[in-house]
J.: 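Below: one structure in structure tokens.
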Amino acid sequence: MKHLTQLPTWPVLKAHHQDIAPETMQQYFLDNPTRFELFSVQLSGLLFDYSKNRITEQTIQLLTQLAIDSHLPEKIEALFSGDSINQSEHRPALHTRLRDRQNAPIEVKNALKKMSQITQRLRNQSWLGSTGKPIEHIVNIGIGGSHLGPLLGVEALAPISNNRFSCYFISNIDSDHINQIVHHLDPETTLFIISSKSFTTSETLANAHIALAWLHQTLGQTDLSQHLIAITAAPDLAQRFGIPPSHTLPLWEWVGGRYSVWSAIGLPIALMIGIEGFYQFLNGAHAMDEHFRYAAYSQNIPVLMALLGIWYINFFDVTHHAIIPYSHRLNQFPRYIQQADMESNGKQVTQQGDLIHYLTGPVIFGQQGCDGQHAFLQLLHQGTHLIPVDFILANNPNDSSNHQDMLIASGLSQAEALMKGKSEKQVLRELLEANYPMDQAKQLAPHKMLPGNRPSNILFLDEVTPFNLGMLIALYEHKIFVQGALWEINSFDQWGVAFGKQLLPRLIEAISMPDVSTLTDIDSSTQRMIKHYQSLKTTS
Ligand code: F6P
């Protein structure tokens, strides 16, 4: 099989890149008043505008041909059919089965049923704490995929929650995090959800033990299981921790941690918005699955987004990608996608283990606009890096103030400014019109000049509903999948993070040793840092 750069379309795209690199998007818009119609797709409550990209119709034709030459259609079918596409772990990646409610496997249907029952009992207050009081506080303990998905869902959908519970998230091993949270809570009315696919993650287990001790402190040595739920693929380990099978919801090896929000890992979302809302969330993701699987590539939003990314990364040598939601409710979205994308496509070898000689997954960063605007957007406008942006806008029908107009206008104005820029000539003219003396105007003009021609996508949601949020997350999952498929990498393993986890116990052990300088397996920098920490500990 030919590798990506050996495919016939690759050199054609290289030449095409040379041809259009000097062209400007602003000129494209002037030349073609229907450019938006040409480069936009509407799917349910999502409008995808990719007209502010450095592309022509030919670019899209060539990129889709590259996808076909890379066997993308077969790879998409392999994903949905449950082939063992995570080759280094000999597993399928079947998160799409979790949201296909009609055709889901029986174990998924049973898990959803159990999740629904638990949700109902907690929401209707028939699930009581050990002293007979109803649960009022939910604390999710988990990290990575066992944290970011529920956090995103709970924050994004807060306005439709019935506010029955207050919901908190603990991920970091720093005890400041858990102590800060439990400080405000009443153990009698608090439920901890211990979310860990493996039930071996150090951060999660350390926090779970603190939580248990905190419960015991007030409630005594009674049965505390009413205050604990586990979500895990290792129920035996949860039981050893003290959580009975009746309070344990399952997860399966074929669901990657960063793809698990569709499983019982999403329980905090269901608790906050109700199980019907959670079903809507799944339905939205399923609608995106169907679109991804069956829509023509020229209308296929995840495929188009992925190909645009490849266009910039592999032909313009772009290394970063920004995600900026102009929606407070989606503030966690960039963090969520950061894990989904960087853990999936931060790879340097093909599925077969050959070293790759082209760029793969970009550095993903971002935060909500307008905050991001007043933090890092300067570099995107005038810095030396070319960084494509996804602007995510959302209508908020509950906001009748002019804040919403300002928010939407802010996002649109940034996309426009990135695209148009401002020439030195234009800046000079404006300065002279503002009565600057010529010498000062000439000095200032290069500083105020913006190169423009910087690309962005706009994703506009009708509203942040459970359905639309499900669609949006699934869209990015499939974008990541398509890029991984073309780069020929395994988007479903994470051996790099696993190595960090492996080193941790040895260093914890070393910190308690009197003389680390004798340890030949630990480098001198790490030894000196441990000694420094030991001396700080003894003096504090
Ligand atoms: O970051 C590595 C990772 O394995 C993620 O993929 C996962 O979401 C996270 O750790 C937490 O793992 P677990 O759910 O097993 O505690």
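Throughout, residue positions are numbered sequentially from 1 according to the sequence presented. Whatever order the structure lists ligands and atoms in, that order sets their numbers, starting from 1.
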J.: Among E343, Q339, H95, find the one that has a side chain to side chain donor-acceptor pair (under 3.5 Å) with R258.
T.: E343
J.: Check each atom of ligand 1 against the heavy atoms of V497 and keep those under 4.0 Å away; list them by number with element.
T.: 1 (O), 2 (C)
J.: With side-chain contact (heavy atoms from CB on, under 4.5 Å) as the test, would you mind laying out the steps for I324 and F376 before giving the verdict?
T.: CA-CA 11 Å; I324 313 180; F376 55 76; 3.7 Å; yes
J.: For ligand 1, which atoms, with element, lie under 4.0 Å from some heavy atom of S196?
T.: 13 (P), 14 (O), 15 (O), 16 (O)
J.: May I ask you to identify the nearest protein heavy atom to atom 11 (C) of ligand 1, giving residue, atom name and distance to one decimal place in Å?
T.: I143 O, 3.2 Å
J.: Which of the atoms of ligand 1 are close to G257, meaning less than 4.0 Å from one of its heavy atoms?
T.: 8 (O)
J.: Do any heavy atoms of H147 fall under 4.0 Å from ligand 1?
T.: no
J.: Could you pull out, from G496, S146, G145, A340, the option with a heavy atom nearest to atom 14 (O) of ligand 1?
T.: S146
J.: Which of the numbered atoms in ligand 1 are below 4.0 angstrom from a heavy atom of K197?
T.: 13 (P), 14 (O), 15 (O)
J.: Whether E477 and R99 form a salt bridge (side-chain N of Lys/Arg under 4.0 Å from carboxylate O of Asp/Glu) is what I want to check.
T.: yes
J.: Would you mind finding which of Q494, K501, E343 brings a heavy atom closest to atom 1 (O) of ligand 1?
T.: E343
J.: Thinking salt bridges, do R293 and E290 make one under a 4.0 Å N-O criterion?
T.: no
J.: Just so I know, are the side chains of L185 and W214 near enough to count as touching, which here means a heavy-atom distance under 4.5 Å?
T.: yes
J.: Could you tell me the separation between the CD1 atom of I275 and the CD atom of Q117, rounded to the nearest 0.5 Å?
T.: 10.0 Å
J.: If I compare all heavy atoms of I178 with all of A211, which pair ends up nearest, and what's the gap?
T.: CD1-N, 4.1 Å
J.: In the protein, which heavy atom is nearest to atom 12 (O) of ligand 1, and how far is it?
T.: T201 OG1, 3.5 Å
J.: Is T204 close to ligand 1, meaning an N/O of one under 3.5 Å from an N/O of the other?
T.: no
J.: State, without any angle test, whether N179 and D176 hold a side-chain donor-acceptor pair at a distance under 3.5 Å.
T.: no
J.: Looking at ligand 1, is there an atom of it that comes within less than 4.0 Å of some heavy atom belonging to E203?
T.: no
J.: Tell me: protein heavy atom nearest atom 15 (O) of ligand 1, and distance?
T.: S198 OG, 2.6 Å
